[in-house]
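Below is one structure, written out as structure tokens, with a few remarks after it.
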Amino acid sequence: MTEAFYARAVHEVARDLVGCVVRNGRAAGRIVEVESYHQTEPACHAFVGLTTRTSTLFGPPGRAYVYRSYGIHALLNAVAEAEGVGAAVLIRALEPVEGLDEMRARRGLERAEDLCSGPGKLTQALGIGLELNASSLVDGAMRIEPRPTGTAPPRLAVGPRIGITKAADLPWRFCDADSRCVSRPWPGPMRARGRAA
DNA sequence: CATGGGATTGACT
DNA sequence: GTCAATCCCATGC
């Protein structure tokens, strides 16, 4: 996927990333859940402006923003919008498609549904660490590949983002409505019919 | 230089 | 349902 794919409104990038494939070496998984973050809104790390931590967010689109959460987990984002604008798409869950043995070894689990069903889980399963911060997702060792040709666009479920305390009302979480690998079950009646990418 | 919070997870009551 | 683990980094003295 080209850099131009990421140089668009972060919410469009988020929707279009559902169904794409995150790969790191032989381990790969299909994206089934994402959230978008933008500098104009306080839940986004870039809200505080340009700092050491947020420099990747303000950098060129199509790079990875990887940071440590709760001192324990690495979380993976795809930087979006034009350089100079702080925005990114948090990858929250994958459906494992290749390298399941590697994932099971790293996670110490067997069930495929549990390997990548959370933002901290998927980075552990794919072996994604902080050293990959600011690396390219277009042609790097870790990259995001387009949906396999011929596959239909997923049905999208849209709702508020998870696990944040600020701007928790914004409906910027996008899930594959038909996947069982999402990080948290969908609340219920708030389903939106998906759109083609 | 010291402090506090956080886009989570897994174990336990 | 509750709760601790653990560390980067922004902020404030």
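Residue numbers start from 1 in every chain, and the chains themselves are labelled A, B, ... in the order their sequence lines are given, proteins ahead of strands. Values in this document were obtained by computation on a predicted structure and should not be read as measured data.
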> Which comes earlier along DNA chain B counting from the 5' end, the contact point of Glu35(A) or that of Leu109(A), where each point is its nearest nucleotide?
Replying inline: Glu35(A)
>> Whole angstroms only, please: what is the CG-P distance between Leu130(A) and dC7(C)?
In response: 11 Å
>> For a quick check of understanding: with a heavy-atom distance under 4.0 Å over all strands, which category does Arg161(A) fall into, base, sugar-phosphate or nothing?
In response: nothing
>> Can you tell me if Arg92(A) touches the phosphate of dT8(B), counting only side-chain N or O atoms and a distance under 4.0 Å to OP1 or OP2?
In response: yes
> Under the 3.5 angstrom rule, does the side chain of Glu33(A) hit a backbone N or O of Ser183(A) as a donor-acceptor pair?
Replying inline: yes
Which atom pairs link the protein and nucleotides 2-6 of chain C when you take only N or O atoms and keep those under 3.5 Å?
from, atom 1, to, atom 2, distance (Å)
dT6(C), O3', Gly71(A), O, 3.3
dT6(C), O2, Tyr70(A), O, 2.3

>> For Arg180(A), I'd like to know if atom CZ has over 12 heavy atoms of other residues, nucleotides or ligands within 6.0 Å.
In response: no
>> Distance check needed: dC9(C) P versus His45(A) NE2, whole Å only.
In response: 11 Å
>> Aromatic contact between Tyr37(A) and His45(A), with the criterion being ring centroids under 6.0 Å apart: yes or no?
In response: no
> Arg53(A) CZ to dG5(B) C1': how many Å, rounded?
Replying inline: 9 Å
>> Between Arg63(A) and Ser135(A), does the side chain to side chain contact (heavy atoms under 4.5 Å, CB included) criterion hold? Intermediate values first, please.
In response: CA-CA 5 Å; Arg63(A) 311 271 269 263; Ser135(A) 65; over 6 Å; no
> Given Glu41(A) and Arg161(A), is the salt bridge (charged side-chain N to carboxylate O under 4.0 Å, His left out) satisfied, shown in steps?
Replying inline: CA-CA 13 Å; Glu41(A) 151 265 313; Arg161(A) 295 173 294 183; 3.0 Å; yes
> Reading DNA chain C 5' to 3', how would its secondary structure be written in dot-bracket notation, given Watson-Crick and G-U pairs with both distances under 3.5 Å, brackets [ ] for crossing pairs and | for partners on other strands?
Replying inline: |||||.||||||.
> Among dG6(B), dG10(B), dA10(C), which is the nearest nucleotide to the side chain of Thr165(A)?
Replying inline: dG6(B)
> Is there a donor-acceptor contact under 3.5 Å from the side chain of Thr56(A) to the main chain of Tyr65(A)?
Replying inline: no
>> By the definition salt bridge (charged side-chain N to carboxylate O under 4.0 Å, His left out), identify the one residue from Arg106(A), Arg26(A), Arg107(A) that meets it with Asp101(A).
In response: Arg26(A)
> Which nucleotide sits closest to the side chain of Thr51(A): dG10(B), dT9(B), dA10(C)?
Replying inline: dA10(C)
>> Do Arg8(A) and Tyr6(A) form a cation-pi contact, if we require the NZ or CZ to be under 6.0 Å from the six-membered ring centre and within 45 degrees of the ring's axis?
In response: no
>> Of the listed nucleotides (dC8(C), dG10(B), dA7(B)), which one gets closest to any side-chain atom of Arg68(A)?
In response: dC8(C)
> Between dT8(B) atom C1' and Asn77(A) atom CG, what is the distance in whole Å?
Replying inline: 14 Å
>> In this structure, how many angstroms lie between the C1' atom of dT9(B) and the CD atom of Gln124(A), rounded?
In response: 9 Å
> Rounded to whole angstrom units, what separation is found between the CZ atom of Phe47(A) and the P atom of dA10(C)?
Replying inline: 15 Å
>> Could you tell me how far apart Leu57(A) (CG) and dA7(B) (P) are, to the nearest whole angstrom?
In response: 13 Å
> Hey, is the main chain of Leu126(A) close enough, under 3.5 Å, to the side chain of Glu102(A) for a donor-acceptor pair?
Replying inline: no
